[in-house]
Protein chains: 2
Amino acid sequence: MARAIARRDDLLPVLAETFREHGYEGASLSLIATATGLGKGSLYHFFPGGKAEMVEAVLAEIEAWFEARVFAPLRQADDPAAAIAAMFTTVSDYFRSGRRVCLVGALSLSDARDRFAETLRRYFALWVEALTGALVRAGHPPEGATALAEDIVGGIQGAVVLARALDRPETFDRILVCLRERSRLTAGA
Amino acid sequence: MARAIARRDDLLPVLAETFREHGYEGASLSLIATATGLGKGSLYHFFPGGKAEMVEAVLAEIEAWFEARVFAPLRQADDPAAAIAAMFTTVSDYFRSGRRVCLVGALSLSDARDRFAETLRRYFALWVEALTGALVRAGHPPEGATALAEDIVGGIQGAVVLARALDRPETFDRILVCLRERSRLTAGA
DNA sequence: AAAACACTGTACCGATCGGTCCATTCTTGA
DNA sequence: TCAAGAATGGACCGATCGGTACAGTGTTTT
């Protein structure tokens, strides 16, 4: 009985969604098996380290995704202001207006944080760093750029929490619009 | 073997801290038993509904705490601006500069959200509502007050996430200072 | 053709899960 | 004084947990 349909990479999106919906503890192996349509044997073939390795793989893919679509554009864009604006659109799509949880943020609040501490830290550090650079190149004063970048990245995370708790996706979008506004150059900033 | 030391109310802070540190799934009954120093028999005596009832009780106490220390002052203060400033101090203390997770926010991101949906929703709704009122009475234009209140409440939640992920409590404090600044009246707002 | 290897489902493992039950002990009011 | 009830710890329950072992099937290489 072997059907070589699945490749490891194809599993990652399903795994990611499962961990997003159920968390680290809540995503049991049987749940994962059902979601992926694979038996435990196959799962442990691809991820000998079990759930921990699955999460690490998922986090690595998430980081790669953001690196390609968000961080790198922020760093390299000829037009930093446009790159920042694009970031908000990309992120809003990615989080489905707050209906989709940020796995990195959710893990950061859970007891699994310590286990994946370095990976979680790096994700947010890279984001803040890339955004800070773009803000500066867009004309923001360097002294306040990191603070503003942290406000924005943190604000996005908070928007996910709030929109989910209130069950109001439009709140997510509204907060993102407001954050985008703050990223634009004003007399005060 | 009976020592009538514990009253139900005395258990709530311990339960709250346990759920904060381990989440709903992660806080097993044996863990709770160890943390409280009570056997399962006693726990089920106080909370016949098991873990779910424990969480509901904890959430009720949290809401009562915020009602007394945050929401009510925001609603009733003679000096709304001072009440808003006090809110930031209270909240910063409560969350220990981001070292302590917001249980309501953490549950909102977890798969336990649906189970406690109404309680989670009400907590944030009450907060946003009370803050909106205070902002208006402090002189903010009513059209933008709810949006600003959502920015602030969401911003606080995001600050917890970010500070925990980055392992930098000072980031939490810095974001709160920035939010407090935005709550003050400026020419633009 | 056949050996090597990748992949698969499942039976099974000990541990732990949430929850029940109950004998016992302490407290309290009559 | 003593029955009633609150509170307690722990044995116990079936279910499920994460993880292992393995025999079987498909594909690839030789």
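Just so it is clear: chains get the letters A, B, ... in the order the sequence lines come, proteins before strands, and each one is counted from 1.
Remark: side-chain polar atoms of Lys51(B) are not paired, donor with acceptor, to backbone N or O of Ser28(B) under 3.5 angstrom.
When every heavy atom of Tyr123(B) is checked against every heavy atom of Phe71(B), the shortest pair comes out as O-CZ, 3.8 Å.
The CZ atom of Phe88(B) sits 5.5 Å away from the CG atom of Leu179(B) when rounded to the nearest 0.5 Å.
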Let me see the working for Leu162(A) and Gln157(B) under side-chain contact (heavy atoms from CB on, under 4.5 Å), right down to the final yes or no.
-> CA-CA 8 Å; Leu162(A) 200 58; Gln157(B) 293 297 310; 5.6 Å; no

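Salt-bridge formation is not detected for the pair Glu129(A)/Arg75(A): no Lys NZ or Arg NE/NH1/NH2 atom is positioned less than 4.0 Å from an Asp or Glu carboxylate oxygen.
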Can you run through DNA chain D from 5' to 3' and write each base as (, ), [, ], | or . depending on how it pairs? Watson-Crick or G-U wobble, both distances under 3.5 Å.
-> ||||||||||||||||||||||||||||||

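Contacts between residues 19-34 of chain B and DNA chain C, counted as heavy-atom distances below 4.0 Å, involve Ala27(B), Ser28(B), Leu29(B), Ser30(B). Non-hydrogen atoms lying under 4.0 Å from DNA chain D are contributed by Lys40(A), Gly41(A), Tyr44(A), Gly50(A), Lys51(A), all within residues 38-53 of chain A.
Between the side chains of Arg180(A) and Thr89(A), at least one donor N or O lies within less than 3.5 Å of an accepting N or O. Between Glu56(B) and Thr119(B), the side chains place a donor N or O and an acceptor N or O closer than 3.5 Å (distance only, hydrogens not considered).
Checked against side chain to side chain contact (heavy atoms under 4.5 Å, CB included), Glu63(A) has the following partners two or more places apart in sequence or in another chain: Arg122(A), Leu126(A).
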Just distance, no hydrogens or angles: give the donor-acceptor pairs under 3.5 Å from side chains in residues 146-156 of chain B, sequence neighbours left out.
from: Glu150(B); atom 1: OE1; to: Arg174(A); atom 2: NH1; distance (Å): 2.4
from: Glu150(B); atom 1: OE2; to: Arg168(A); atom 2: NH2; distance (Å): 2.8
from: Asp151(B); atom 1: OD1; to: Arg174(A); atom 2: NH2; distance (Å): 2.5
from: Asp151(B); atom 1: OD2; to: Arg182(B); atom 2: NH2; distance (Å): 3.0

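Counting only residues at least two apart or in different chains, ring-ring contact (aromatic ring centres under 6.0 Å, His included) contacts with residues 28-54 of chain A are absent.
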